[in-house]
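Reading through the structure tokens given below for one structure.
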Amino acid sequence: MINEKNVIIMKIPYPMINGGLALKPHMYICKKSQSTNHEFIKCQTLKPYMLTSNIMQHYWDENPDIRRNPFQHKTRIDCDKIFSTHTVTYDPRLKTTTRPDVCDALYQSVQNELYQDGYENIALNENELKQLNSLIR
């Protein structure tokens with residue numbers, strides 16, 4: 001079972017099944033987990049171009065720290081959008097192994113940034129999501 005604050009690794013069909021997020025797995029923080037309704041926040045390794053571009057308006061940068069998160073590199077958490085699904089289930093083996101979740105303080109900081117100006121909720125194509133991830137049914 002995947003719960004709030006868990007971090008999972010998956011590929012998502014966004015903006016389409018052959019888009020950038022579908023080609024390489026990324027980490028996602030679970031924002032909501034109620035039955036088969038899930039919402040996820042994207043995390044990615046901070047790249048130099050992100051420091052000078054305005055790709056994201058709201059984000060949280062986090063250093064690797066096993067006491068706070070499972071990240072291995074400085075990570076940018078995208079607080080402009082969340083990805084949602086409504087009928088699929090997520091195998092617990094998708095959880096990160098060094099630490100399965102983020103700490104309460106980090107989760108609260110990300111929540112605060114998400115709600116600062118609101119965020120876009122993107123409903124994923126669940127059939128394509130299952131095609132990309134064998135542990136999602």
Side-chain angles (χ1 to χ4, degrees):
M1 175 175 228
I2 303 298
N3 297 307
E4 269 186 26
K5 298 191 298 181
N6 282 153
V7 180
I8 67 169
I9 299 173
M10 66 177 164
K11 296 177 183 179
I12 64 166
Y14 181 79
M16 57 193 75
I17 194 161
N18 59 356
L21 296 178
L23 300 176
K24 185 176 179 185
H26 286 82
M27 290 185 183
Y28 295 84
I29 300 169
C30 182
K31 178 186 176 297
K32 174 183 176 181
S33 177
Q34 295 175 339
S35 183
T36 58
N37 292 313
H38 292 86
E39 295 178 349
F40 295 97
I41 308 159
K42 180 178 67 97
C43 309
Q44 70 182 89
T45 301
L46 186 62
K47 314 269 188 322
Y49 77 87
M50 294 177 174
L51 299 173
T52 57
S53 68
N54 292 332
I55 294 172
M56 294 174 217
Q57 181 180 2
H58 294 285
Y59 55 86
W60 184 266
D61 289 343
E62 181 75 9
N63 288 314
D65 182 345
I66 197 65
R67 295 168 295 169
R68 291 177 53 87
N69 63 65
F71 309 141
Q72 296 178 351
H73 306 282
K74 186 159 184 148
T75 299
R76 179 156 287 182
I77 301 168
D78 182 349
C79 299
D80 283 340
K81 61 186 161 295
I82 61 165
F83 297 99
S84 60
T85 61
H86 302 287
T87 64
V88 297
T89 58
Y90 296 84
D91 191 294
R93 292 177 288 176
L94 291 166
K95 291 181 195 176
T96 51
T97 55
T98 55
R99 178 187 170 126
D101 61 1
V102 295
C103 71
D104 291 338
L106 172 54
Y107 187 70
Q108 189 59 55
S109 296
V110 170
Q111 290 274 63
N112 291 344
E113 193 64 33
L114 275 168
Y115 291 113
Q116 187 169 346
D117 288 325
Y119 53 85
E120 182 180 6
N121 186 334
I122 299 165
L124 293 174
N125 180 316
E126 295 177 17
N127 289 325
E128 292 177 349
L129 182 69
K130 291 187 288 188
Q131 288 176 28
L132 293 170
N133 303 276
S134 63
L135 295 176
I136 299 175
R137 295 173 195 75

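Predicted model, so just to flag it, every value in this text is computed and none were measured.
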### Message
Does atom CD (Gln116) have a neighbourhood of more than 12 heavy atoms from anything else shown, all under 6.0 Å?
### Response
yes
Within the distance-only criterion (no hydrogens, no angle test), does the side chain of [X] pair as donor or acceptor with the backbone N or O of [Y] below 3.5 angstrom?
{"X": "Lys95", "Y": "Met1", "answer": "yes"}
{"X": "Glu126", "Y": "Thr87", "answer": "yes"}
{"X": "Lys47", "Y": "Thr45", "answer": "yes"}
{"X": "Asn69", "Y": "Asn63", "answer": "yes"}
{"X": "Asn133", "Y": "Ile136", "answer": "no"}

Does the side chain of [X] reach to within under 4.5 Å of the side chain of [Y], using non-hydrogen atoms?
{"X": "Trp60", "Y": "Leu106", "result": "yes"}
{"X": "Phe71", "Y": "Leu46", "result": "no"}
{"X": "Ser84", "Y": "Asn37", "result": "no"}
{"X": "Gln111", "Y": "Lys31", "result": "yes"}
{"X": "Ile8", "Y": "Leu135", "result": "no"}
{"X": "Tyr107", "Y": "Glu4", "result": "yes"}
{"X": "Tyr119", "Y": "Ile41", "result": "no"}
{"X": "Asp101", "Y": "Pro70", "result": "no"}

Assigning hydrophobic clusters by single linkage (Ile, Leu, Val, Met, Phe, Trp, Tyr; side-chain heavy-atom cutoff under 4.5 Å), is [X] placed with [Y]?
{"X": "Tyr115", "Y": "Val102", "value": "yes"}
{"X": "Tyr14", "Y": "Phe40", "value": "yes"}
{"X": "Leu21", "Y": "Leu94", "value": "yes"}

Q) Which is it for Met10 and Phe83 under the side chain to side chain contact (heavy atoms under 4.5 Å, CB included) test, yes or no, and what are the steps along the way? A) CA-CA 12 Å; Met10 66 177 164; Phe83 297 99; over 6 Å; no
Report task. Would you please say whether a donor-acceptor pair under 3.5 Å links the side chains of Tyr90 and Thr85? Result -> yes
Query raised in the report: Any side-chain donor-acceptor pair under 3.5 Å between Asn127 and Gln131?
Result: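 Checked: Asn127/Gln131 side chains show no N/O donor-acceptor pair below 3.5 Å.
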Which pair of non-hydrogen atoms, one from [X] and one from [Y], has the smallest distance, and what is that distance?
{"X": "Glu62", "Y": "Ile77", "answer": "CB-CD1, 4.5 Å"}
{"X": "Lys32", "Y": "Gln34", "answer": "CE-OE1, 3.1 Å"}
{"X": "Ser33", "Y": "Ile2", "answer": "OG-O, 2.5 Å"}
{"X": "Ala22", "Y": "Pro13", "answer": "CB-CA, 4.2 Å"}

[atom1]/[X] to [atom2]/[Y] distance, rounded to the nearest 0.5 angstrom?
{"X": "Asp117", "Y": "Gln57", "atom1": "CG", "atom2": "CD", "answer": "5.5 Å"}
{"X": "Ile17", "Y": "Leu124", "atom1": "CD1", "atom2": "CG", "answer": "11.5 Å"}
{"X": "Asp104", "Y": "Arg68", "atom1": "CG", "atom2": "CZ", "answer": "10.5 Å"}
{"X": "Met27", "Y": "Cys43", "atom1": "CE", "atom2": "SG", "answer": "8.0 Å"}
{"X": "Leu129", "Y": "Lys11", "atom1": "CG", "atom2": "NZ", "answer": "11.5 Å"}
{"X": "Ile29", "Y": "Ile82", "atom1": "CD1", "atom2": "CD1", "answer": "12.5 Å"}

Criterion side chain to side chain contact (heavy atoms under 4.5 Å, CB included) on Ile12 and Tyr28, from CA distance to verdict: CA-CA 10 Å; Ile12 64 166; Tyr28 295 84; 3.3 Å; yes
Inset, instruction - Check the pair Val88, Lys130 against side chain to side chain contact (heavy atoms under 4.5 Å, CB included), reporting the backbone distance first and the verdict last. - result: CA-CA 8 Å; Val88 297; Lys130 291 187 288 188; 4.0 Å; yes
Do the side chains of Arg137 and Asp91 get close enough for a salt bridge, i.e. N-O under 4.0 angstrom?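 The answer is yes: the pair qualifies as a salt bridge.
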Worksheet entry | Stepwise side chain to side chain contact (heavy atoms under 4.5 Å, CB included) check, Asn3 with Cys30 | CA-CA 7 Å; Asn3 297 307; Cys30 182; over 6 Å; no
